[in-house]
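The next block holds one structure in the form of structure tokens; read it before the comments.
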Amino acid sequence: MAIRGRVSVVAAEAAKVPDEPAGTPRLAILLAAAMFVFVIDTSLMNVSISAVVEDLDTTVSGVQSAVAIEALVSAAFILIGSKLGDLFGRKRAYVAGLVLYALGALAMVVGQGLAAIIVFWAVIGGLGAALYLPAMQSLVHGNFEGRTQAKVYALVGASAAIAAAIGPLLGGFLTTLLSWRVGFLLEVGIIAIVLAGSGLIRDVPYTGDRAVDWVGAVLSVVGMGGVVLGVLVWQEGGESVAALLAVGMAALAAFVYWIVRRKRDGEAALLDPSLFDSKLFSFGIAQGILQQIALGGMLIALPIYLQLVLGYNALEAGLSLAPLSLTMFAVAVLAGKRAGERRPSSLIRAGFALLVLAMVILIPLVPRADTGWYLVIPLMLAGAGLGLLVSQLNNYTLSPVSEERVGEAAGVNSATGSFGLSFGLAFAGAVMLATLSIAFTNKAESSNVLPVAEQQQVAQVLEDDAQVMSDAQLAPLLADQPREIQDEILSINEDARHLALQVALLITLLASLVGLANAFRMMRLPDPDASAAAGAALG
């Protein structure tokens, strides 16, 4: 799947650097490979969720928490990572980030528990992404010139789209025929090749303000982290949820106040709030967040539905998701080639409208479909909607930004998109498990088959550890129960599971509806000019 927050590829005109050699085609391919690895990473995890849960002896919610934390860490630290690249060298940041990202992927190859996956893949790997992604954009800008630079940005964007399209298929194939760990081993191999070619890179010196806004950095991390971690703690049934959410919201409010004050006083700020003076930029950022929240709802519900409800293996799940990813890729490419023929705001409106239509069709199908074939049409509609959004939103967002500020604006674009994705994953997961617990408990208490003691036991177990379970996972736990009780609990589990997945998809529907409403407001704004700082973009 295309993950816009995780892919922010900005096509820009190269600053002319006299007497400096242009980058080589080999370097362009290596940079594209670095982006390919980044985008395919989450697809591998989601399509292999059943195998990961079984192999690590963990829960679906635990794995989804790791995915959300990885997206959150990359979002929360990407602005800081961009500044560190400015201070210590973009090439150093690029290499260091790739090394950390490789360590995260390697942890997936050898890790034996969820804790190791969270620490190494989600946290260390997320920090690596926050370092190397902004550095990569600056290195493309500094190593290529003119038309060649635009082609390299297009190549990097195309690699991201290709990774999003083939990720579910590749992950499903490797997981089913070999192991889910092989996909991450492949990532390590690609990163090793990319690092081996780092000698081709000419570092890009930074000539701007070298002051660091450490207070802003801390507030941004605490703000985004507090909100998403609060939702994740709620998902896992932990305590202090309200306190974490309150701290996160307060930190975000303090962050906004801080950067506005720093700007007014003429001091360095983590990001320039005047970027949001442009309605095009503000609407673009808001729509990108909504797109990512919608995507997060699908990323948590669809793999669970295919693997734990329909009982598909990773390959079957990947093939079932192919209509979504392949349609997204095809529509994004087609819309990109025909850019200028339609108003960008009208295409964005059409994208959200298609997402709304897809969810309206998909949600009622969840309790009724017994095969992935029922999902083909709504998944193609959702893919077409995402493809239109992917083809337009980056350029729309960055079009009003001047060339010297496009790096900072692209960092904000990436950070807010990744935050939206991590929030969507965490919130949809929390709502899904809360719905599962309530529905299961209510159905158990109203059952005429389950004894009162069994009803109380069900309620206690769900209060401590609510999780989505397939019938195959639940059956061994009921082996000692009479047949009628087994059948009743399996029936209740099926009904509650369907309802929980439908509610998770409502998050996608709600975000898409808000995006559609915003798109009508965007139609009243002037179209963005073709910008040298933000040309064709995929991601």
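For the atom pair N518 CG and M523 CE, the distance stands at 13.5 Å (nearest 0.5 Å). Distance check: L375 CG to I361 CD1 gives 11.5 Å after rounding to the nearest 0.5 Å. Within the model, atoms CG of L505 and CE of M432 stand 10.0 Å from one another, a figure rounded to the nearest 0.5 Å. Remark: F276 CZ to I259 CD1 distance equals 7.0 Å, nearest 0.5 Å. Expressed to the nearest 0.5 Å, how far CD of Q291 lies from CG of L389 amounts to 5.0 Å. Of the inter-residue distances, the one linking L506 atom CG with I363 atom CD1 reads 4.5 Å to the nearest 0.5 angstrom.
Between L354 and M359 the shortest side-chain heavy-atom distance does not fall below 4.5 Å. Between Y101 and E187, some side-chain heavy-atom pair lies under the 4.5 Å cut-off. M35 has its side chain within reach of L133: a pair of non-hydrogen atoms, C-beta onward, lies under 4.5 Å apart. Contact of the Q502 side chain with the P367 side chain is registered, since non-hydrogen atoms from C-beta on lie closer than 4.5 Å. Looking at heavy atoms from C-beta onward, Q292 lies in side-chain contact with L295 at the 4.5 angstrom threshold. Considering only heavy atoms from C-beta on, P273 stays 4.5 Å or farther from V256 through its side chain. Residues V63 and L56 have side chains not in contact (no heavy-atom distance under 4.5 Å, counting atoms from C-beta outward).
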Step-by-step side chain to side chain contact (heavy atoms under 4.5 Å, CB included) determination, V221 to I80: CA-CA 9 Å; V221 172; I80 303 171; 3.7 Å; yes

Verdict with supporting geometry, L386 and L324, side chain to side chain contact (heavy atoms under 4.5 Å, CB included): CA-CA 9 Å; L386 288 170; L324 174 71; 4.1 Å; yes

Residue pair M522, K279: steps toward the side chain to side chain contact (heavy atoms under 4.5 Å, CB included) verdict: CA-CA 9 Å; M522 293 166 67; K279 288 187 177 180; over 6 Å; no

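Distance alone, capped at 3.5 Å, is enough to place a donor-acceptor pair between the R181 side chain and the M108 backbone. Here the side chain of E267 pairs no donor or acceptor atom with the backbone of R262 at under 3.5 angstrom. With hydrogens and angles disregarded, a donor-acceptor distance shorter than 3.5 Å links the side chain of Q112 to the backbone of V110. S220 places a side-chain N or O within donor-acceptor distance of the main-chain N or O of A217, the cut-off being under 3.5 Å. Although no hydrogens or angles enter the test, the distance criterion places no donor-acceptor pair under 3.5 Å between the side chain of Y305 and the main chain of H498.
Counting non-hydrogen atoms of other residues, nucleotides and ligands closer than 6.0 Å to OH of Y374 gives a total of 12 or fewer. For D57, the CG atom counts as loosely surrounded, since its 6.0 Å shell holds 12 or fewer non-hydrogen atoms of other residues, nucleotides or ligands. No more than 12 heavy-atom neighbours from other residues, nucleotides or ligands sit within 6.0 angstrom of CZ on F120.
With sequence neighbours excluded, the residues satisfying side-chain contact (heavy atoms from CB on, under 4.5 Å) with A130 are F77, I78. In terms of the salt bridge (charged side-chain N to carboxylate O under 4.0 Å, His left out) criterion, R521 has no residue partners (sequence neighbours excluded). Remark: D265 engages R261 in a salt bridge (charged side-chain N to carboxylate O under 4.0 Å, His left out) (not counting sequence neighbours).
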